[in-house]
Amino acid sequence: MTMPETDPMPEANNPDRQRLEALRSQLHTLAHQYYVLDAPTVPDAEYDRLFRELQAIEATHPDWLTPDSPTQRVGGKPLDQFASVRHAVPMLSIRTETDTESSGAQAFDTRVRKELELTDADAPVEYVAELKFDGLAINLRYENGVLVQAATRGDGENGEDVTQNIRTVGQIPLKLATIGFPPVLEVRGEVYMRRDDFEALNERQRARIAAGEKGEKTFVNPRNAAAGAVRQLDPGIAAQRPLSFFAYGVGEVAPQTVGSLFATHMELLQTLKGWGFPVAEEIRVVRGADELVAFHQHIAQTRDQLPFDIDGVVYKVNSLPLQQRLGFVTREPRWAVAHKFPAQEQMTTVVAIDVQVGRTGKLTPVAKLAPVFVGGVTVTNATLHNEDEARRKDVRVGDTVIVRRAGDVIPEVVGVVPPAADQPPRERSAIFTMPRICPVCGSVAVREEGEADYRCTGGLFCNAQCKQAILHFAQRRAVEIEGLGDKLVEQLVDAKIIRTLPDLYRLGFTALAGLDRMAEKSAQNIVDALEKSKQTTLPRFLFGLGIRHVGEATAKELARHFGGLDAIMDASEEALLQVNDVGPIVAKSLRTFFEQAHNREVVEQLRACGIRWEEGAASADSPKPLAGMTFVLTGTLPTLGRDDAKDLIEAAGGKVSGSVSKKTSYVVAGTEAGSKLTKAQELGVAVLDEAALLEMLK
Ligand code: 5U1
């Protein structure tokens with residue numbers, strides 16, 4: 001008798017299969033926590049262990065491999081070209097409001113109200129205000145919750161199939177972990193690169209170039225790096241490019257319609273977030289033009305604190321029925337607009353490369369540029385930082401370059417734009433080399449071992465250092481000599497009327513009034529300002545001396561710790577190291593400065609000229625009630641000026657920061673407090689008034 005053949009074990013009961021499903025589900029959740037929520041719940045090693053276990057099961061059962069498995073993020077074969085994809089719902093572009101002033105937001109609201117035939121008596125229109133990411137638009141198609149295709153926008157009708165590359169983006173779910181999503185769901189958003197990821201990528205690229213790897217290059221900005229990665233034919237290379245994603249809309253949704261699932265755009269965004277897609281935190285629902293303007297201004301002020309680049313904000317009518325009523329013009333919806341900020345990057349040409357000498361003798365190569373409007377101002381100079389940077393970026397006279405000016409940061413050359421493919425190669429001038437003598441005084445310039453900078457050894461003999469030292473001493477944050485600007489200092493130093501700081505106080509009315517283009521009234525004003533500056537404080541004086549590495553905060557700490565200048569001048573390195581925020585470099589710099597007889601002489605002469613301050617008791621052991629706390633000041637306080645409040649907080653061991661975050665301990669708010677107060681309320685940071693602050697200081 002033959003035994004009946006046993007049925008193979010049903011797949012669902014197979015323990016390997018069950019383990020595989022459990023691992024996939026767990027790894028999807030862990031990836032969401034890590035990439036999207038930025039809140040990992042297990043160590044990396046544990047994730048790697050589970051991942052390898054899943055890989056092993058899939059290797060034993062290749063027929064169980066599916067494209068939504070977490071193991072399928074990396075890999076795939078290089079392509080010859082991308083397949084073309086026809087978008088089920090066209091990917092529209094967005095009208096751009098070119099007016100970067102607040103009138104741009106008002107113009108949009110006016111258009112919307114007109115289209116909707118609203119009168120002044122009608123309520124303000126509700127909008128969703130979002131960020132305009134500087135990346136690459138992408139359409140992600142999910143069928144039954146599984147990512148089946150990712151495509152670029154292309155011409156809006158047809159894009160390129162970049163699924164292999166998009167699978168490598170950790171923030172993009174391969175499979176939706178929740179329920180309630182429609183069987184066909186297209187999510188639209190932007191793939192971008194964070195600034196820190198971009199810096200790290202370029203760092204790795206530089207190492208590769210240095211190691212002689214062929215065909216490697218650095219990227220000029222995060223946008224180019226992100227776009228290059230998405231359109232990379234080899235997914236193995238794309239996987240090494242750290243990309244991120246933000247969702248901001250949908251394409252095809254079936255069999256339901258978008259309108260049957262959501263009433264508002266905000267609801268749609270929140271639902272996408274719930275389904276596992278990253279949605280930017282900064283999104284707000286606002287009403288009317290004024291609130292659009294406030295959003296635009298708030299983001300313009302804080303954009304540099306974001307970890308990624310944006311080039312503006314986007315406003316969308318929140319109500320989906322109203323969006324439908326507004327409809328489209330050509331390929332742009334009437335219900336949305338992009339409101340740009342002044343561009344932070346522009347192209348221009350390098351006219352010359354000069355070398356500037358700073359206060360401490362540092363030689364900085366500076367690219368002289370054909371004037372260009374960037375970041376809201378006309379820029380003609382951009383720093384190249386130092387010789388290594390200038391050579392690494394290979395910036396040469398005649399090159400077309402990208403210049404960046406973000407916030408108040410000094411404009412810099414980001415990189416050289418290579419000639420277009422159809423342009424003939426151009427003869428280039430010589431690569432930059434730092435001169436070995438100071439271009440101002442002719443002294444030898446040296447580069448110490450381990451330092452990036454060359455320094456002029458001329459000291460105060462060097463006119464450039466001399467002028468910078470005087471301007472540093474005279475600035476508002478130091479002893480403040482009102483009216484002593486760079487033109488006057490240049491005149492006085494070039495005419496050899498002053499060379500040292502004490503010379504300033506020996507200037508009489510006659511010498512000043514005798515200068516070219518100096519009116520008697522202006523000369524008298526300078527004399528008065530010099531007199532006024534003599535009454536100062538120890539931190540201001542110490543900071544004004546321009547000792548390397550001694551900024552305002554360190555000067556305050558030193559004054560507080562030692563109480564008087566003589567104690568600081570005579571302190572050993574060990575004693576200096578006891579001061580808050582003073583490390584070996586600062587301690588050594590202070591010692592070196594005060595060991596020089598001519599520096600002590602300058603201090604003595606300044607005192608002899610009448611510069612004075614109140615000395616206090618050494619406070620090394622005094623209590624610090626605000627130690628470990630961070631404060632943010634906003635608005636006008638009833639009695640304390642900003643600087644006074646800052647001084648008091650710092651004297652009590654606290655820190656004062658310029659922006660509110662979850663780490664802020666207290667926001668001290670006065671009248672007309674602005675966005676910082678709003679942010680504090682949003683984050684649940686405690687808010688104090690002046691009286692409460694003074695109470696804490698007791
Ligand atoms: N945040 C955001 N960016 N962005 C870009 N939303 C958004 N919407 C867009 C585009 C092109 O287009 C829709 C309004 C169609």
Side-chain angles (χ1 to χ4, degrees), residues 87-98 104-105 108-109 111-112 115 125-140 150-159 171-172 185-194 222-223 226-227 230 243-253 258-259 262 264-273 277-286 292 295-296 298-300 302-303 306-341:
H87 295 300
V89 173
M91 282 184 85
L92 301 171
S93 50
I94 189 163
R95 176 179 169 142
T96 299
E97 193 55 69
T98 46
F108 172 60
D109 182 56
R111 278 199 307 276
V112 167
E115 286 294 330
V125 176
E126 193 170 88
Y127 299 102
V128 176
E130 302 179 22
L131 305 181
K132 180 144 193 326
F133 312 104
D134 211 359
L136 193 79
I138 215 89
N139 183 67
L140 306 172
T152 59
R153 178 176 179 280
D155 62 6
E157 299 282 345
N158 298 289
Q171 284 192 326
I172 294 181
L185 170 69
E186 289 188 349
V187 176
R188 290 181 174 171
E190 201 99 344
V191 172
Y192 67 95
M193 195 176 283
R194 286 171 55 104
R223 206 206 96 82
V230 172
L243 296 173
S244 299
F245 176 75
F246 276 127
Y248 56 65
V250 291
E252 187 181 16
V253 172
V258 183
F262 318 103
T264 64
H265 179 67
M266 193 63 180
E267 207 182 305
L268 181 156
L269 292 178
Q270 273 160 349
T271 310
L272 288 181
K273 195 171 171 184
F277 296 93
V279 174
E281 268 184 33
E282 290 71 18
I283 292 173
R284 296 281 175 276
V285 173
V286 300
L292 289 178
F295 183 81
H296 186 257
H298 168 66
I299 299 293
T302 51
R303 68 190 285 202
L306 293 170
F308 46 82
D309 284 350
I310 55 170
D311 57 1
V313 291
V314 171
Y315 312 132
K316 295 173 186 167
V317 170
N318 193 18
S319 150
L320 296 188
L322 285 187
Q323 283 191 6
Q324 253 201 319
R325 257 181 68 194
L326 285 159
F328 308 91
V329 248
T330 53
R331 300 245 132 253
E332 295 168 353
R334 281 202 195 86
W335 43 264
V337 79
H339 191 188
K340 294 259 191 163
F341 296 135

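When a residue number appears, it is its place in the shown sequence, counting from 1. Just follow the structure's listing: the first ligand is 1, and inside any ligand the first atom is 1.
- Other residues, nucleotides and ligands place more than 12 heavy atoms under 6.0 Å from the CD atom of Glu157.
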Please lay out, stage by stage, how Leu292 and Tyr127 fare under the test side chain to side chain contact (heavy atoms under 4.5 Å, CB included). CA-CA 8 Å; Leu292 289 178; Tyr127 299 102; 3.8 Å; yes

Let me see the working for Phe308 and Met193 under side chain to side chain contact (heavy atoms under 4.5 Å, CB included), right down to the final yes or no. CA-CA 7 Å; Phe308 46 82; Met193 195 176 283; over 6 Å; no

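- Looking only at heavy atoms of the protein, atom 11 (C) of ligand 1 is closest to Ile94 CG2, 3.7 Å.
- Interface of Ala336 with ligand 1, defined as ligand atoms under 4.0 Å from a residue heavy atom, comprises 14 (C).
- Just one residue in the list Leu140, Leu243, Thr152 forms a side-chain contact (heavy atoms from CB on, under 4.5 Å) with Val191, and that residue is Leu243.
- For atom 13 (C) of ligand 1, the nearest non-hydrogen atom of the protein is Trp335 CH2, 4.5 Å.
- Applying the 4.0 Å criterion to heavy atoms of Glu130 picks out, from ligand 1, the atoms 1 (N), 2 (C), 6 (N).
- The proximity of Met91 to ligand 1, defined as any non-hydrogen pair under 4.0 Å, does not occur for either the backbone or the side chain.
- Using 4.0 Å as the threshold, Arg188 has no heavy atom nearer than that to any atom of ligand 1.
- Distance remark: protein heavy atom present below 4.0 angstrom from atom 9 (C) of ligand 1.
- Trp335 is not listed as a side-chain neighbour of His265, based on a closest heavy-atom distance of 4.5 Å or more.
- Salt bridge status for Lys316 with Glu126: absent, with no side-chain N to carboxylate O gap under 4.0 Å.
- Atoms of ligand 1 lying under 4.0 Å from any heavy atom of Lys316, numbered from 1 in the order shown and given with element: 2 (C), 6 (N), 7 (C), 8 (N).
- Below 4.0 Å from some heavy atom of Val314 lie the following atoms of ligand 1, by number and element: 2 (C), 3 (N), 6 (N).
- In this structure, a donor-acceptor pair under 3.5 Å is absent between the side chains of Tyr248 and Glu130.
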